[in-house]
Amino acid sequence: MRILLPTGAATEDLVRKAAAGLDADVVVTGKIASFLTPRALRDLIKKGRYDAVVVSGMCTVSFENIERDTGVPVYRGPRHAADLAWVLPLVGKAPLSPTVPAEDFLAAGRAKDAAEKIAAAEKIAEPECMIRGVKIGGNSRMKVLAEIMDAHRREDVREIAERSFADGADIVDLGFGFDATPADVKRVFHILEDLDGPLAIDSQDPALIKAALFRADIVLSLQEKNIPVVGKDVAKAGAAVVVVQGTKTLKSNIARARRAGIGCIVADPLLQPAGSGLVASLAGLRDYGCPLFFGAGNVAELLDADSIGINALLAGMAMEAGAAIVFTSEHSDKTRGSIREMRRATEMMVLARDRPYAKDLGIDLLVLKEKRRRREPPLEYERSIAAERMPDEIAYDPKGNFRIGIEDGLIVAVLNGTAVKGERWQDVLHTLITRGDVSLLDHAGYLGRELYKAELAIRYGRSFEQDGEF
């Protein structure tokens, strides 16, 4: 296959290196590859015999007419020339897009393939038991159990539960503190009664457990003291249970639950936080003859580190341990997003089953780190000028001063009682300028910075403070 590679002088060396060993013509069309015009491309195609053309992913014009007139397919390559080396071998072998940059198009395709593999694997999986239609254990995907602490105190408990399911929770666990009453438990479960997903009661108080059995699908947790009191009631209700160790061993408590007639039993060896016996507690993750519970949330909540990497690693450990259910929570601000992160991590582990490493799966949990660093050509200039410090005293824009903030996932800029809202910083800035709300260049620059900070805060789930550091 003969490929035409129009490029700019700035990236010529990178493109020639990527095309080495391939039947390709590298043609410099100007200084910048993205400035290629349809007319220039048509003239280039007429000069040779080509099977495909790969243009820069940074091009913004349409080349659809070129492909129709010449019969030669024109594909968008990657945005950055440094990524061309892994894209070119795919030309003619994998689908590429005439309009979407190669890295985006291929990533979307791989993510779709990954989702289909995960769904197919779950469809044929053989579980050890079922909880409200959700497969538990066996070779099914590890299920994410998300906790709502002190559910009886939350006026927005239904909203939280619905959001938890939407974010990827397979089971929503409702926690009740020592001040909760059976009436509180019944009230909360009635509020959530019509939800489709499995609900858990998180309490060792027999009275609270009994109050939830009209709707609870799983009970956290049973041990030697409450099994004699509520074991038969749980069995009669058909609820599953998570069994823990108390003064008696976990193994003996599992036997007690079985004697009470409980069908679906999950063993929880109680994972300890880092610094309090994490490694030692991992030794307790062994075969108890029933599905295994992995308390990842206990580790993530008690470690001051970004939850994304913690959840990915804990999911990998849970997979190796043979866990069926992974517990996570979003009690603290630093663990917000953990449900979504843990769901993605459990899906990654499904794809990693037949691999030695959980990488190159089509999906990932890379958010701030780059899998491949971009290597752009050096900047060209004739002289360098050191930037001068901006004066501490500034001239205020006579049009007025803005308050910038975020609301419901939108960037908000307020001036004189009018709020301009948008998802992208550039859209908000464009609107402010076209409305005539900005008259000074340095004010426009300031607004661009603050609006982009607001967009980043939304993207990464962080708080936003105008004039503060991000």
Fill in the blank from the handout: In short, Ile201 meets Asp173 closest at the heavy-atom pair C-OD1, 3.9 Å
Exercise for the section: Decide whether Tyr396 and Asn401 meet the rule of one side-chain donor and one side-chain acceptor closer than 3.5 Å. Expected result: no
Handout entry: Side-chain heavy atoms of Val326 within contact of Lys143, under 4.5 Å
Key = no
Handout entry: Note, Ile3 side chain near Val54 side chain (heavy atom, < 4.5 Å)
Key = yes
Exercise for the section: Taking the side chain as every heavy atom from C-beta outward, state whether Pro398 and Ser439 have any atom pair closer than 4.5 Å. Expected result: yes
Exercise for the section: List the atom of Glu128, the atom of Gly138, and the distance in Å for their closest heavy-atom pair. Expected result: OE2-N, 3.2 Å
Exercise for the section: Flag the pair Arg49 and Asp51 as a salt bridge only when some basic side-chain nitrogen lies within less than 4.0 angstrom of an acidic carboxylate oxygen. Expected result: no
Problem - N-O pairing of Arg110 and Asp113 below 4.0 Å - result: no
Practice task
Assess the side chains of Glu301 and Thr335: does a donor N or O sit below 3.5 Å from an acceptor N or O?
Solution key: yes
Problem - Salt-bridge criterion met for Arg343 and Asp167 (N-O under 4.0 Å) - result: no
Handout entry: Pair Asp397 + Lys399: basic N to acidic O under 4.0 Å
Key = no
Problem - Under 3.5 Å donor-acceptor, Thr11 side chain and Leu14 backbone - result: no
Exercise for the section: Output, in order, the C-alpha distance, side-chain angles, deciding distance and verdict of side-chain contact (heavy atoms from CB on, under 4.5 Å) for Leu96 and Arg76. Expected result: CA-CA 7 Å; Leu96 294 172; Arg76 300 277 172 173; over 6 Å; no
Practice task
State, with a plain yes or no, whether a side-chain heavy atom of Phe63 is found less than 4.5 Å away from one of Leu41.
Solution key: yes
Handout entry: Sub-4.5 Å side-chain heavy-atom contact between Ile118 and Ile363
Key = yes
Exercise for the section: Answer yes if the side chains of His80 and Glu103 hold a donor-acceptor pair under 3.5 Å, and no otherwise. Expected result: no
Practice task
In plain terms, say whether Glu64 and Arg68 are close enough for a salt bridge, that is, a side-chain N and a carboxylate O under 4.0 Å apart.
Solution key: no
Handout entry: Salt bridge flag under 4.0 Å for residues Arg132 and Asp170
Key = no
Exercise for the section: Using the six-membered ring wherever Trp is involved, compare the ring planes of Trp425 and Tyr452 and label them parallel, tilted or perpendicular (cut-offs 30° and 60°). Expected result: perpendicular
Handout entry: Test: Lys371 and Asp360 ion pair at under 4.0 Å
Key = yes
Exercise for the section: Report, as yes or no, whether the 6.0 Å neighbourhood of atom CG on Asp408 holds more than 12 heavy atoms from other residues, nucleotides or ligands. Expected result: no
Exercise for the section: Please examine the side chains of Glu423 and Ile411, heavy atoms only from C-beta on, and report whether any two atoms are closer than 4.5 Å. Expected result: no
Handout entry: Salt bridge present between Glu450 and Lys453 (N-O < 4.0 angstrom)
Key = yes
Practice task
Indicate yes or no: at least one non-hydrogen side-chain atom of Phe294 is less than 4.5 angstrom from one of Asp268.
Solution key: no
Problem - Heavy-atom closest contact (Gly48 atom, Tyr50 atom, distance) - result: CA-CE1, 3.7 Å
Handout entry: N/O donor-acceptor pair under 3.5 Å between Asp104 side chain and Val100 backbone
Key = no
Fill in the blank from the handout: Leu351 and Ala114 have their tightest heavy-atom pair at CD1-CB, 3.7 Å
Handout entry: Salt bridge present between Glu407 and Lys421 (N-O < 4.0 angstrom)
Key = yes
Practice task
Look only at the side chain of Arg215 and the backbone of Glu193, and say whether a donor-acceptor pair between them is shorter than 3.5 Å.
Solution key: yes
Problem - Within 6.0 angstrom of His430 NE2, more than 12 heavy atoms from elsewhere - result: no
Handout entry: Verdict with reasoning, Thr346 to Val144, per side-chain contact (heavy atoms from CB on, under 4.5 Å)
Key = CA-CA 8 Å; Thr346 63; Val144 177; 3.9 Å; yes
Practice task
Give a yes or no on whether the backbone of Asp306 and the side-chain of Lys334 come within a donor-acceptor separation of less than 3.5 Å.
Solution key: no
Handout entry: Note, Pro6 side chain near Leu44 side chain (heavy atom, < 4.5 Å)
Key = yes
Exercise for the section: Give a yes or no on whether the backbone of Phe176 and the side-chain of Asp150 come within a donor-acceptor separation of less than 3.5 Å. Expected result: no
Practice task
Verify the neighbour count for atom CD of Glu370: are there more than 12 heavy atoms of other residues, nucleotides or ligands below 6.0 Å?
Solution key: yes
Problem - Short side-chain donor-acceptor distance under 3.5 Å, Ser140 and Glu122 - result: no
Problem - Any donor-acceptor N/O pair, Arg158 side chain to Leu195 backbone, under 3.5 Å - result: no
Fill in the blank from the handout: Closest non-hydrogen contact found for Ile136 with Ala324 is CG2-CB, 4.1 Å
Handout entry: Close aromatic pair by centroid cut-off 6.0 Å: Phe402 and His443
Key = yes
Problem - Least distance between heavy atoms, Ala345 atom then Ala312 atom - result: CB-CA, 4.1 Å
